[in-house]
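Contents: one structure, followed by commentary.
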Amino acid sequence: MRTQTSDNVKIGNIRYFTELSGDAPISVYVISGAKGDMLIDTGFSTTSQALIKWISKNGYNITDIFITHAHPDHDWNAAKFKKLFNARIWLGKDDLSLISNFADQPQKPTHSRFVSRVKWISFWTKTPFFKSKHYVPDILIDENANEVAKQYGYDIGIVHLPGHTKGSYGILKDGVLYAGDSYAVINGTPMEPPHAYSIEEMKDSIKKISELSPEYLACGHGVPFLFRSK
């Protein structure tokens, strides 16, 4: 498996791990707090071993796992990593019923060129090959999330970014928005995600991202990129 990480290609001060496969490479991130480190998303089945080695190599102390949304390419390793790192799992409360159940929030293509892609994804997520192992979040993210984050030593802004899923959330820290699939990099091009539960809400979230105007956008697919100039 080919990867690109912040160890070999620096992008700002973002600590990232990207599995370079397909047209939408899967990316995972680490941010630090006063009491430990937070892993943002967990990758897919193919990501696990290389990601664990990267975490170990860099000496990250993973005390928290923030799932941007409960799709299998983001939460596949959540149960495994919770046990491995003895970490708390954070998940948007509106995605609780989505765990291991992709069909709970049917996805619509955001453009005609993605119709076949969505049909393919919808088919495979009905099979065991695309169902994450069940896990129980320790923290359900809601409007009080920023206060909860402070209690655990994280100076971050947790941002609700619905559209791709009902309970999609991102993290704003030090000029970087860790946006999950509220935005995506497909074939190297930043764009709206190929599919969404609500296209209208997705567009509102993209507008919110523009208003937040982060320096960098760190998406769930593709390497981080410069969103605006300083």
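Annotation: Asp155, atom CG; neighbour count of heavy atoms from other residues, nucleotides and ligands within 6.0 Å does not exceed 12. Around the OH atom of Tyr197, the shell of radius 6.0 Å holds no more than 12 heavy atoms that belong to other residues, nucleotides or ligands. Around atom NZ of Lys108, more than 12 heavy atoms belonging to other residues, nucleotides or ligands sit under 6.0 Å away. Within a 6.0 Å sphere centred on CG of Asn8, other residues, nucleotides and ligands contribute more than 12 heavy atoms. Other residues, nucleotides and ligands contribute at most 12 non-hydrogen atoms within 6.0 Å of the CG atom of Asn13.
A tilted orientation is assigned to the rings of Phe17 and Trp54, their planes being inclined by 30° to 60°. By the 30° and 60° cut-offs, the orientation of the rings of Phe102 relative to His71 is tilted. In this structure, His74 and His221 have perpendicular ring planes: the angle between them is above 60°, well past the 30° mark. Aromatic ring orientation, His111 versus Phe114: perpendicular (interplanar angle above 60°, classes split at 30° and 60°). By the 30° and 60° cut-offs, the orientation of the rings of His164 relative to His69 is perpendicular.
Note that CG of Leu177 is 8.0 Å distant from SG of Cys219, once rounded to the nearest 0.5 Å. Remark: Asp94 CG to His160 NE2 distance equals 5.5 Å, nearest 0.5 Å. Distance check, rounded to the nearest 0.5 Å: CD of Gln4 to OG of Ser27 gives 8.5 Å. Rounding to the nearest 0.5 angstrom, the gap separating the OH atom in Tyr178 from the CD1 atom in Ile158 is 13.5 Å. Within the model, atoms CG of Asp64 and NZ of Lys82 stand 11.5 Å from one another, a figure rounded to the nearest 0.5 Å. The CZ atom of Arg15 lies 5.0 Å from the OH atom of Tyr60; values are rounded to the nearest 0.5 Å.
When side chains are defined from C-beta on, Arg88 does not count as touching Met38, because their heavy atoms never get closer than 4.5 Å. Ile139 places none of its side-chain heavy atoms less than 4.5 Å from the side chain of Leu91. Side chains of Val28 and Ile40 form no contact here, defined as non-hydrogen atoms less than 4.5 Å apart. Counting heavy atoms from C-beta outward, Trp90 and Tyr152 have side chains that approach closer than 4.5 Å. Looking at Ile55 and Phe85, their side chains come closer than 4.5 Å, going by heavy atoms from C-beta outward. Put simply, the side chain of Gln107 does not reach to within 4.5 Å of the side chain of Ile121, judged on heavy atoms. Here the side chains of Thr18 and Arg2 are not in contact, with every heavy-atom distance at 4.5 Å or above. In this structure the side chain of Ile206 reaches within 4.5 angstrom of the side chain of Glu192, judged on heavy atoms.
Distance alone, capped at 3.5 Å, places no donor-acceptor pair between the Ser56 side chain and the Ile52 backbone. Ser100 places no side-chain N or O within donor-acceptor distance of the main-chain N or O of Lys131, the cut-off being under 3.5 Å. In this structure, Ser205 contributes its side chain and Pro162 its backbone to a donor-acceptor pair below 3.5 Å. Judged by distance alone, with hydrogens and angles left aside, the side-chain atoms of Ser48 form no donor-acceptor pair with the main-chain N or O of Ser45 at under 3.5 Å. At least one donor-acceptor pair under 3.5 Å links the side chain of Asp142 to the backbone N or O of Asn144. Ser122 places no side-chain N or O within donor-acceptor distance of the main-chain N or O of Lys119, the cut-off being under 3.5 Å. Side-chain atoms of Asn77 come within 3.5 Å of backbone N or O of Thr42 as a donor-acceptor pair.
The shortest non-hydrogen separation linking Gly220 to Asp181 is CA-OD1, 3.8 Å. The shortest non-hydrogen separation linking Ser32 to Asp37 is OG-OD1, 2.7 Å. Between Pro194 and Ile186, the shortest heavy-atom contact is CG-CD1, 4.0 Å. The two atoms that bring Tyr183 and Pro190 nearest to each other are CE2-CB, 4.0 Å, heavy atoms only. Ile14 and Pro224 make their closest contact through CD1-CB, 3.6 Å (heavy atoms, listed as atom of the first residue, atom of the second, distance). Taking all atoms of both residues into account, the shortest heavy-atom contact from Ser132 to Pro72 is OG-CA, 3.3 Å.
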### Message
Would Tyr16 and Val30 count as a side-chain contact (heavy atoms from CB on, under 4.5 Å) here? Give the steps.
### Response
CA-CA 7 Å; Tyr16 71 95; Val30 172; over 6 Å; no

### Task
Show your working on side-chain contact (heavy atoms from CB on, under 4.5 Å) between His195 and Val115 and close with a plain yes or no.
CA-CA 9 Å; His195 50 92; Val115 170; over 6 Å; no

### Task
Report the C-alpha distance between Lys35 and Tyr154 in whole Å, list the side-chain angles of each, state the deciding distance to 0.1 Å, and finish with yes or no for side-chain contact (heavy atoms from CB on, under 4.5 Å).
CA-CA 8 Å; Lys35 303 175 183 179; Tyr154 294 102; over 6 Å; no

### Task
I would like to know whether Glu147 and Lys150 meet salt bridge (Lys or Arg N to Asp or Glu O under 4.0 Å); could you show each step before the answer?
CA-CA 5 Å; Glu147 290 304 314; Lys150 287 180 182 178; 3.7 Å; yes

### Query
Would Thr46 and Glu19 count as a side-chain hydrogen bond (donor to acceptor under 3.5 Å, both in side chains) if you check the C-alpha gap in whole Å, the side-chain angles of each, and the deciding distance to 0.1 Å?
CA-CA 9 Å; Thr46 52; Glu19 179 184 346; 2.6 Å; yes

### Query
Where do Leu20 and Thr3 land on the side-chain contact (heavy atoms from CB on, under 4.5 Å) test, with the steps shown first?
CA-CA 5 Å; Leu20 297 174; Thr3 63; 5.6 Å; no

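By the 4.0 Å N-to-carboxylate-O rule, Lys203 lies too far from Glu200 to be salt-bridged with it. Using a 4.0 Å cut-off between charged side-chain N and carboxylate O, Asp75 and Lys133 make no salt bridge.
Grouping the Ile, Leu, Val, Met, Phe, Trp and Tyr side chains by contacts below 4.5 angstrom, directly or via other members, places Met191 apart from Val223. Cluster membership for Val136 and Ile99, using ILVMFWY side-chain heavy atoms within less than 4.5 angstrom, is not shared. Residue Val118 is not grouped with residue Phe44 when hydrophobic side chains (ILVMFWY) are merged at heavy-atom distances under 4.5 angstrom, including chains of intermediate members. Note on Ile89: it clusters hydrophobically with Leu84, by side-chain heavy-atom contacts below 4.5 Å among ILVMFWY residues. If you chain together hydrophobic residues whose side chains sit under 4.5 Å apart, Ile65 and Leu98 never meet in one group.
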Which pairs of donor and acceptor atoms, one on a side chain in residues 165-175, lie under 3.5 Å apart (sequence neighbours left out)?
from, atom 1, to, atom 2, distance (Å)
Thr165, OG1, Asp95, OD1, 3.3
Thr165, OG1, Asp95, OD2, 2.8
Thr165, OG1, Ser168, N, 3.2
Thr165, OG1, Ser168, OG, 2.6
Ser168, OG, Thr165, N, 3.3

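When the salt bridge (charged side-chain N to carboxylate O under 4.0 Å, His left out) test is applied to Asp104, no partner is found at least two apart in sequence or on another chain.
Applying the salt bridge (charged side-chain N to carboxylate O under 4.0 Å, His left out) test to every pair with at least one member in residues 42-61, sequence neighbours left out, gives these pairs: Asp7-Lys57.
Checked against a 6.0 Å centroid threshold, the rings of Phe66 and Tyr29 do not count as neighbours.
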